[in-house]
Amino acid sequence: MFKETCEVLENKTVAPDHFLLKLSSKKIGKAALPGQFVQILCSGDSLDPLLPRPFSFLEASPTSFSLLYHVVGQGTELMAKFKKGDKVHVLGPLGKGFTLRRKTEDGRGKRLLVGGGVGIPPLYHLAKDLVRTKEVKKSDIHVFLGARNKSLLLCEKDFLKLGVQLHLATDDGSKGHKGYVTQVLVKFLKSSIFHLPSSLIHSCGPTPMLKAVSLVASEFGAPNEVSVEVPMACGFGACLGCALKVKGETPGSHRFAIACTEGPVFEGSKILWD
Amino acid sequence: MFKETCEVLENKTVAPDHFLLKLSSKKIGKAALPGQFVQILCSGDSLDPLLPRPFSFLEASPTSFSLLYHVVGQGTELMAKFKKGDKVHVLGPLGKGFTLRRKTEDGRGKRLLVGGGVGIPPLYHLAKDLVRTKEVKKSDIHVFLGARNKSLLLCEKDFLKLGVQLHLATDDGSKGHKGYVTQVLVKFLKSSIFHLPSSLIHSCGPTPMLKAVSLVASEFGAPNEVSVEVPMACGFGACLGCALKVKGETPGSHRFAIACTEGPVFEGSKILWD
Amino acid sequence: MGLDLSVQIGKIKLKNPVLVASGTFGHAKEFEDFFDLKKLGGIVTKTITLKPRLGNPPPRIVETPAGMLNAIGLQNPGVERFIEDKLPYLKKLGVPIIVSAMGYSVDEFMQVVQTLDRADGIDGYELNLSCPNVPYSSKTETLSLVKMFAHDDRMIEEVVSAVRQVTDKTLIAKLGPDVSDVPKMALAAEKAGADAVSLINTFIAMVIDVKTRKPVLANKTGGLSGPCIRPIAVRMVWETAKRVKIPVLGMGGIMNAEHALEFLIAGATAVQVGTANFMNPEASSQVLNGIEDFMKKEKLSSMKEIIRSVKS
Amino acid sequence: MGLDLSVQIGKIKLKNPVLVASGTFGHAKEFEDFFDLKKLGGIVTKTITLKPRLGNPPPRIVETPAGMLNAIGLQNPGVERFIEDKLPYLKKLGVPIIVSAMGYSVDEFMQVVQTLDRADGIDGYELNLSCPNVPYSSKTETLSLVKMFAHDDRMIEEVVSAVRQVTDKTLIAKLGPDVSDVPKMALAAEKAGADAVSLINTFIAMVIDVKTRKPVLANKTGGLSGPCIRPIAVRMVWETAKRVKIPVLGMGGIMNAEHALEFLIAGATAVQVGTANFMNPEASSQVLNGIEDFMKKEKLSSMKEIIRSVKS
Ligand SMILES: Cc1cc2nc3c(=O)[nH]c(=O)nc-3n(C[C@H](O)[C@H](O)[C@H](O)COP(=O)(O)OP(=O)(O)OC[C@H]3O[C@@H](n4cnc5c(N)ncnc54)[C@H](O)[C@@H]3O)c2cc1C
Ligand SMILES: Cc1cc2nc3c(=O)[nH]c(=O)nc-3n(C[C@H](O)[C@H](O)[C@H](O)COP(=O)(O)OP(=O)(O)OC[C@H]3O[C@@H](n4cnc5c(N)ncnc54)[C@H](O)[C@@H]3O)c2cc1C
Ligand SMILES: Cc1cc2nc3c(=O)[nH]c(=O)nc-3n(C[C@H](O)[C@H](O)[C@H](O)COP(=O)(O)O)c2cc1C
Ligand SMILES: Cc1cc2nc3c(=O)[nH]c(=O)nc-3n(C[C@H](O)[C@H](O)[C@H](O)COP(=O)(O)O)c2cc1C
Ligand code: FES
Ligand code: FES
């Protein structure tokens with residue numbers, strides 16, 4: 001975990017109300033893992049808004065990292081005003097990311113990445129790492145993207161460049177399957193034959209999607225992990241504000257996990273969805 | 001009084017830590033009088049800082065007006081970041097300005113403008129108006145400017161362009177008299193012979209200077225008015241926060257004047273300096 | 001079909017629930033350039049005392065995070081000159097006028113209201129039981145009494161019942177926030193015959209200049225207002241509205257319609273806009289517009305559907 | 001000549017007056033990457049209860065103007081597991097450790113402290129008499145008791161004297177701000193044998209989502225902290241330090257050294273940094289550096305020259 005003052009290298013629109021922010025970094029970028037996140041002080045030294053805002057990594061290198069953010073309120077509106085050369089206070093890398101390496105009998109397993117909205121950026125980070133580390137064959141990496149319309153299928157081209165298998169869905173049918181991305185996932189799981197237990201489904205996006213994916217996963221008996229989005233104050237375990245209801249030690253019991261340190265990536269089967 | 005959203009036309013450094021801000025305006029500029037001021041919301045829609053900041057007019061036209069401000073804290077630091085095209089919420093023109101026209105026996109009187117620091121801008125506005133309206137001859141307009149050093153003798157060149165009589169003083173002697181501007185004023189009042197009662201001394205600047213000037217003025221029996229700087233919240237008479245201790249109706253009594261509406265320009269003799 | 005924004009406070013029918021708070025709207029005239037004052041649901045005047053008051057020496061205000069401190073010290077012309085100089089303008093506006101009144105003793109409270117009652121053009125009174133800017137150091141009994149009023153349910157009951165004897169007009173008790181049990185204070189006012197309670201006045205607070213090591217305000221302490229106090233004010237309105245039968249006027253950091261709706265949903269029957277008037281003279285008018293927009297968007301036709309609609 | 005920043009709180013000599021506030025510093029380990037924790041004057045732990053507590057359901061936090069609400073609900077492993085799992089790390093730091101303790105009854109308060117007293121590595125206790133996040137609706141006697149503690153001088157006296165019987169270690173009573181007369185509460189703690197009082201805990205407050213018409217927090221209300229409350233906290237420390245003989249630990253919205261100095265000048269003997277830790281994990285360390293710079297600039301050599309130096 002580092003506290004860095006990063007310089008804005010780039011802050012450009014990539015989709016309606018969506019920006020890509022690239023920041024210089026000596027420490028955070030080098031340490032960043034897929035699924036981890038940073039806390040950004042959008043208002044600099046002003047007290048309004050007071051709290052930092054959490055954002056997943058889209059990409060990371062030893063000298064920089066980038067985020068892809070949706071402008072939804074006061075903090076992200078201020079971020080949209082960031083100009084090249086501005087200084088930004090950042091905390092990171094934070095949290096526990098996605099599972100990268102895992103033992104499977106003679107690596108027969110596939111990786112299924114299911115993303116929606118601003119849940120897509122961290123999955124791109126993950127896909128890129130899986131390809132780079134040759135953890136699984138490109139042909140075994142299947143990415144499922146969902147969005148309201150095709151202009152919001154974030155990172156689509158980047159995934160194509162990676163050479164992974166892409167499956168698309170839009171609510172309005174402007175591209176790919178018309179409907180939910182989970183429907184595409186189900187179809188895929190039904191039609192294709194591969195060793196599910198040694199596969200792993202990673203998903204990130206709106207909570208209803210995460211819930212649906214982990215239900216599907218458990219139906220098919222496929223291990224799955226989800227990256228949750230909960231309101232946070234500190235982002236590193238100091239406030240206990242980011243509670244997530246998960247299964248407790250004893251059957252039927254529950255406890256509140258601290259999403260910023262135990263997560264944001266959790267085993268889907270552990271979460272008690274309401 | 002108008003509430004306008006003005007566009008930044010220019011925001012440039014004119015002296016160390018001093019900026020000139022030019023704003024487009026349909027209503028405020030047209031109505032502005034010398035000595036009046038505006039309230040600027042430095043932080044836009046953010047709540048920190050919460051209150052607007054008062055600034056005198058430097059110049060005003062039917063389509064724009066400009067201010068000259070010193071960066072001293074949070075609000076002015078935010079203003080220094082204003083960029084061409086930015087929108088700024090402004091209230092104005094506010095308060096009661098300097099006396100422009102006054103009956104004097106066959107206009108024998110002179111106008112003496114004594115300014116220090118950011119008290120100089122409104123005096124430039126005044127000098128310009130006096131010249132434009134031919135209220136008094138240029139030769140009868142004497143401007144006395146004081147500053148720590150010559151780089152802080154704000155608007156010096158502009159006064160020269162106006163063709164008024166300029167008298168300078170700097171603490172370090174880097175230009176003009178080495179010492180206080182009030183010393184130059186006293187010397188002038190002693191040496192030159194003119195009809196004091198029909199003259200008028202206008203001053204604006206740090207409170208100690210205002211106090212000194214109005215003491216000098218009363219010694220010499222010259223009418224004088226000062227523009228005071230007191231902390232303000234609203235700037236238009238709504239909060240009663242900008243109290244200034246002045247003489248009351250009955251001798252020896254006092255009352256608290258509302259500086260933003262009764263002033264900021266007051267008859268020097270009315271103020272109870274502490 | 002048209003929206004009905006009207007609400008009832010005692011005998012006063014407000015055409016809408018948006019008022020301006022005492023001491024934050026000058027004498028109203030200061031705002032006439034900015035919007036049509038007729039739009040307002042009502043105007044609460046600066047607090048008027050029996051005798052004229054010069055107010056506190058400067059500095060009287062200081063900015064704080066998302067708020068401000070004030071120690072104006074109730075500068076006002078006194079009840080007589082208020083009636084002569086200020087009331088005529090207010091009368092002409094055709095908006096319910098609620099005069100904020102206060103005394104340094106139960107007697108003075110009665111005298112102020114009696115005097116006001118003889119003038120016409122006044123629709124009701126808001127008794128300021130909670131002015132925080134009485135010098136802490138003060139030893140005189142009357143002053144320390146005032147300091148107690150809003151912090152002591154028996155004093156509240158005494159003042160309100162005394163004033164209730166001398167006027168039939170709508171009587172609102174304005175309570176202070178520096179207490180553990182606001183509902184208890186509100187119940188005391190209700191018991192004593194108040195038609196409504198106003199919540200909240202400012203918090204007693206302090207800012208120290210570390211360079212001079214002096215309190216920034218000449219009065220040392222001042223009243224904290226603005227957005228910073230809103231979450232506490234909403235809580236106090238919420239817990240009070242559950243306990244009293246009379247309407248609650250909610251205030252504290254209302255900057256826009258969403259904030260006003262928070263108070264109304266929490267249980268306020270009307271709201272008052274205060275500090276926001278300083279940053280944005282059109283704030284109260286914009287709050288009203290925003291409430292109308294909200295009702296249209298949510299297809300609501302009357303305030304009943306909003307007031308105390310908080311779910312849990 | 002060197003600066004002496006040390007201050008005395010009960011039996012504890014702090015090498016400097018900068019502590020971190022309960023519930024805002026995790027279990028300290030979370031901050032080790034950011035600065036050398038040995039720098040701290042002291043650490044106040046998250047409040048520990050007799051039994052483990054799951055805490056409140058989410059959402060537990062919401063941002064407010066220059067502040068935040070929290071309703072964590074005292075999530076903690078319970079006193080036994082705290083001693084096993086968390087204390088060892090804290091012990092190793094070589095910094096005074098003040099354990100924040102609370103019980104749902106006078107008895108439980110005693111049990112928690114007695115259990116802690118058997119462990120070593122603990123320098124003192126801060127009794128949390130003012131946790132605002134006990135459900136309002138609660139009817140169970142123990143809970144409603146807790147709600148009363150900090151609002152009732154007799155309860156404060158009872159709890160503190162009871163705990164005083166079972167430990168010789170430094171005892172600090174942490175009081176809540178939702179009262180009219182903080183000094184009265186502090187005097188009760190002093191009378192009962194507290195070595196110091198901590199001011200202030202959070203204000204009970206509420207935010208409502210106008211779209212859903214529900215309180216944003218699952219617990220409905222939460223505790224307001226951050227810069228927004230600082231002016232009230234400074235006033236409370238100022239008026240309390242004038243009345244009690246025991247030291248006051250001041251807190252409430254301290255973001256930097258200037259804010260800490262405000263509290264010290266007002267009368268605090270030490271300060272605690274809370275919410276600021278979330279935005280800036282180095283805040284407490286920077287506060288300390290800033291105080292040293294101030295002392296050098298003003299040519300001061302000891303804290304005596306700052307504490308309660310407010311002029312008037
Ligand atoms: C671990 C993590 C990773 C994230 N990664 C990204 C990312 O890569 N790109 C991206 O665009 N966003 C991401 N988010 C969400 C992002 O943090 C919020 O959108 C942001 O905080 C909104 O701030 P704001 O001030 O603009 O909006 P606010 O004014 O704070 O809120 C605007 C609206 O969004 C809602 N909202 C705000 N924060 C959250 C939240 N955390 N969860 C659900 N609703 C919320 C509010 O309720 C409100 O309705 C992530 C969140 C988490 C917890
Ligand atoms: C009628 C009027 C006209 C003014 N005209 C100009 C002008 O033309 N150009 C210009 O540069 N400034 C002018 N000022 C002063 C200007 O308003 C302040 O400098 C400004 O508000 C500082 O804001 P800030 O947030 O940058 O500083 P803050 O953070 O508010 O304060 C920084 C420091 O300056 C001090 N300070 C702030 N405001 C005042 C004040 N009003 N009086 C005395 N000390 C203060 C504070 O105590 C603090 O020490 C005028 C003030 C008034 C009342
Ligand atoms: C400058 C100022 C002056 C005030 N004067 C009075 C007053 O005379 N009488 C009164 O009852 N309340 C007075 N108040 C309190 C407000 O009416 C209101 O209760 C409080 O400010 C909270 O609302 P707000 O946060 O919207 O300002 C004053 C507030 C301010 C800021
Ligand atoms: C998230 C959070 C959790 C807190 N938990 C506790 C606690 O367990 N015990 C306690 O006595 N105070 C607790 N507090 C209160 C703080 O210790 C402190 O009294 C208060 O926040 C005011 O200081 P601040 O404004 O600097 O945060 C908590 C505050 C926050 C913000
Ligand atoms: S956000 Fe603070 S502990 Fe997770
Ligand atoms: S600043 Fe509000 S009345 Fe003058």
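A quick note: this is a predicted structure, and the numbers were derived from the prediction, not measured. Every chain is numbered from 1 and lettered A, B, ... according to where its sequence line falls, protein lines coming before strand lines.
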Quiz item: Using a cut-off of under 4.5 Å for heavy-atom pairs, which of C:L261, C:V234, C:V210 has the most such pairs with chain D?
Solution: C:V210
Quiz item: Does D:R308 reach the main-chain N or O of D:A241 with its side chain, forming a donor-acceptor pair under 3.5 Å?
Solution: yes
Quiz item: Just how far is it from atom OG1 of D:T240 to atom NZ of D:K184, taken to the nearest 0.5 Å?
Solution: 13.5 Å
Quiz item: Which heavy atom in D:N219 sits nearest to a heavy atom in D:A71, and how many Å separate them?
Solution: CB-CB, 3.6 Å
Self-check item: Main-chain N/O of D:F203 paired with D:D178 side-chain donor or acceptor, under 3.5 Å
Solution: no
Exercise. Considering only NZ, NE, NH1 and NH2 on the basic side and carboxylate oxygens on the acidic side, decide whether D:E239 and D:R235 come within less than 4.0 Å.
Key: yes
Quiz item: Which bit of C:L69 is near chain D, if near means a heavy-atom gap under 4.5 Å: side chain, backbone, both or neither?
Solution: side chain
Quiz item: So which of C:L264, C:D209, C:V207, C:D181 has the biggest tally of heavy-atom pairs under 4.5 Å with chain D?
Solution: C:V207
Quiz item: Considering only heavy atoms, which portion of D:F294 lies under 4.5 Å from any heavy atom of chain C: side chain, backbone, both, or neither?
Solution: side chain
Quiz item: What residue in D:A233, D:S180, D:G67, D:A266 has the most heavy-atom pairs under 4.5 Å with chain C?
Solution: D:S180
